[in-house]
**Student:** 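Got a structure for you, questions after.
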There are 2 protein chains.
Amino acid sequence: MDKLLTIQQVAAATSLSVHTLRYYEKMNLITSIQRDENGYRCYSLEDITWIEFLNRLKATGMTIKKMIELAELRRQGDSTLTARRKFLEEHYKEVQQHMIELQNNLNLLANKIVTYKEMENNYLNNRPNK
Amino acid sequence: MDKLLTIQQVAAATSLSVHTLRYYEKMNLITSIQRDENGYRCYSLEDITWIEFLNRLKATGMTIKKMIELAELRRQGDSTLTARRKFLEEHYKEVQQHMIELQNNLNLLANKIVTYKEMENNYLNNRPNK
DNA sequence: ATAAACTTTCGAGTTAACTCTAATGCAAGC
DNA sequence: GCTTGCATTAGAGTTAACTCGAAAGTTTAT
């Protein structure tokens with residue numbers, strides 16, 4: 001029931017490279033990965049779940065530094081649950097804010113595109129060899 | 001009427017640093033900035049407009065490399081208007097796609113926060129010294 | 001007129017997040 | 001038994017986007 005995976009399999013499953021997996025471990029983003037008798041890493045399904053969670057945080061723009069903070073809290077056990085929730089809520093707000101700004105800039109970009117279309121028409125209508 | 005600004009004033013107006021302004025110029029993101037008799041840069045209002053536009057593109061996640069492409073087209077004049085519009089439309093789509101993914105990840109994060117709240121309650125109710 | 005505060009260039013340094021290399025060892029196929 | 005391919009580590013290299021420092025000229029304030 002405690003199926004274990006090679007680093008290669010985990011790389012495929014998480015779309016991180018094996019290099020990155022080892023890098024994350026060195027950075028203490030991922031900790032206490034089991035080893036087999038040859039010192040090879042053996043990842044559990046729980047490890048995968050954690051890595052997938054990290055990927056999602058990364059996709060929302062969280063820095064590795066921040067993720068390390070969170071991983072540190074997680075290592076300390078259930079007594080840090082509230083701290084971790086607050087941490088995520090804080091990040092949530094930041095991402096929300098970022099999305100608002102993104103939407104605003106996207107709207108301005110849409111306007112710019114309209115302006116370009118007008119300029120294009122002017123240009124085409126005033127060409128010498130029209 | 002052709003008011004000219006010092007690098008310092010432009011830095012203040014665009015919230016870029018003077019270092020970054022010179023860096024952008026070296027990268028050909030900004031070109032043909034006028035110089036006074038001592039070789040000091042003199043920015044026009046049009047230059048400011050362009051830099052502000054670059055800032056907006058940056059805020060939507062466009063890389064400097066991409067922005068240089070666009071600046072290059074712009075330097076070639078009105079014949080590249082269509083190419084520039086298409087370039088921006090392409091970028092627009094990318095940002096839209098990115099926002100969809102961001103929203104999706106944000107929703108998952110919201111779920112995670114709810115889960116944390118449940119775990120917190122369980123933890124608090126099962127403490128030894130409740 | 002002299003110090004403080006600007007400007008210039010060139011090139012080096014920084015930070016984040018990988019990404020790769022080298023040296024070495026284990027393992028599976030023929 | 002040997003080759004091919006996987007694993008390990010430590011540490012060096014890469015890329016993007018700045019950011020800074022040094023040396024030297026200029027302008028402003030006292």
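In what follows, chains are A, B, ... by sequence order, proteins preceding strands, each numbered from 1. Quick caveat: nothing in here was measured; it's all calculated off a predicted structure.
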**Student:** I'd like a table of donor-acceptor pairs (distance under 3.5 Å, sequence neighbours excluded) in which one partner is a side-chain atom from residues 61-70 of chain B, with atom names and distances.
**Tutor:**
| from | atom 1 | to | atom 2 | distance (Å) |
| --- | --- | --- | --- | --- |
| T63(B) | OG1 | K66(B) | N | 3.2 |

**Student:** Restricting to side chain to side chain donor-acceptor pair (under 3.5 Å), what partner residues turn up for R22(B), sequence neighbours left out?
**Tutor:**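 Side chain to side chain donor-acceptor pair (under 3.5 Å) list for R22(B), sorted by chain: empty.
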**Student:** Side chain to side chain donor-acceptor pair (under 3.5 Å) with N107(A): which residues, sequence neighbours excluded?
**Tutor:**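 By the side chain to side chain donor-acceptor pair (under 3.5 Å) rule, N107(A) matches Q103(A).
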**Student:** Please confirm whether the backbone N or O of N121(A) pairs with a side-chain atom of N125(A), one donor and one acceptor, at under 3.5 Å?
**Tutor:**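 Pair found, side chain donor or acceptor close to backbone of N121(A).
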**Student:** Can you list every ring-ring contact (aromatic ring centres under 6.0 Å, His included) pair that touches residues 86-126 of chain A, not counting sequence neighbours?
**Tutor:**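 ring-ring contact (aromatic ring centres under 6.0 Å, His included) check on residues 86-126 of chain A returns no pairs.
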**Student:** Each nucleotide N or O in nucleotides 16-20 of chain D that has a protein N or O under 3.5 Å away: list the pair and distance.
**Tutor:**
| from | atom 1 | to | atom 2 | distance (Å) |
| --- | --- | --- | --- | --- |
| dA17(D) | OP1 | I64(B) | N | 3.4 |
| dA17(D) | OP2 | I64(B) | N | 3.2 |
| dC18(D) | OP2 | Y24(B) | OH | 2.8 |

**Student:** Tell me, please, which residues at least two apart from E120(B) pass side chain to side chain donor-acceptor pair (under 3.5 Å).
**Tutor:**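 Residues passing side chain to side chain donor-acceptor pair (under 3.5 Å) with E120(B): T82(A), R85(A).
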**Student:** Do the charged groups of E89(B) and K117(A) touch, with an N to O distance under 4.0 Å?
**Tutor:**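 Salt bridge: yes.
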**Student:** Tell me: CG of L29(A) to C1' of dC18(C), nearest whole Å?
**Tutor:**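 Spelled out: CG on L29(A) to C1' on dC18(C) is 12 Å.
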**Student:** Taking CG from L21(B) and P from dT9(C), how many angstroms apart are they, rounded to a whole number?
**Tutor:**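 Result: 12 Å.
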**Student:** Once you round it to whole Å, what is the distance between P of dG25(D) and CG of D36(B)?
**Tutor:**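 Whole-Å distance recorded here is 17 Å.
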**Student:** Which side chain to side chain donor-acceptor pair (under 3.5 Å) pairs, counting each pair once, include a residue from residues 10-21 of chain A, with sequence neighbours left out?
**Tutor:**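 Output for this query lists S17(A)-T20(A).
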**Student:** Let's see if you get this right: which residues in residues 92-104 of chain B place a heavy atom under 4.0 Å from DNA chain D?
**Tutor:**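 Correct list: empty, so none.
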**Student:** dT9(D), OP1 or OP2 - any side-chain N/O from R35(A) closer than 4.0 Å?
**Tutor:**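 Yes, such a contact exists.
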**Student:** Using the ring-ring contact (aromatic ring centres under 6.0 Å, His included) rule, collect all pairs that involve residues 29-62 of chain B, keeping only residues at least two apart or in two chains.
**Tutor:**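 Every ring-ring contact (aromatic ring centres under 6.0 Å, His included) pair that includes a residue of residues 29-62 of chain B, provided the two are not neighbours, is W50(B)-F53(B).
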**Student:** Distance-only criterion, 3.5 Å: show the donor-acceptor pairs between side-chain atoms of residues 23-32 of chain B and protein atoms not counting sequence neighbours.
**Tutor:**
| from | atom 1 | to | atom 2 | distance (Å) |
| --- | --- | --- | --- | --- |
| Y24(B) | OH | K58(B) | NZ | 3.3 |
| E25(B) | OE1 | R41(B) | NE | 2.7 |

**Student:** Please write out each protein N/O paired with an N/O of nucleotides 3-7 of chain D under 3.5 Å, distance rounded to 0.1 Å.
**Tutor:**
| from | atom 1 | to | atom 2 | distance (Å) |
| --- | --- | --- | --- | --- |
| dC6(D) | O3' | Q8(A) | NE2 | 3.4 |
| dA7(D) | OP1 | Q8(A) | N | 3.4 |
| dA7(D) | OP2 | Q8(A) | NE2 | 2.5 |

**Student:** What residues form a side chain to side chain donor-acceptor pair (under 3.5 Å) with Q76(B), not counting sequence neighbours?
**Tutor:**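 Residues passing side chain to side chain donor-acceptor pair (under 3.5 Å) with Q76(B): E72(B).
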**Student:** I need the CD1-C1' distance between I33(B) and dT7(C), as an integer number of Å.
**Tutor:**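 It works out to 15 Å between those atoms.
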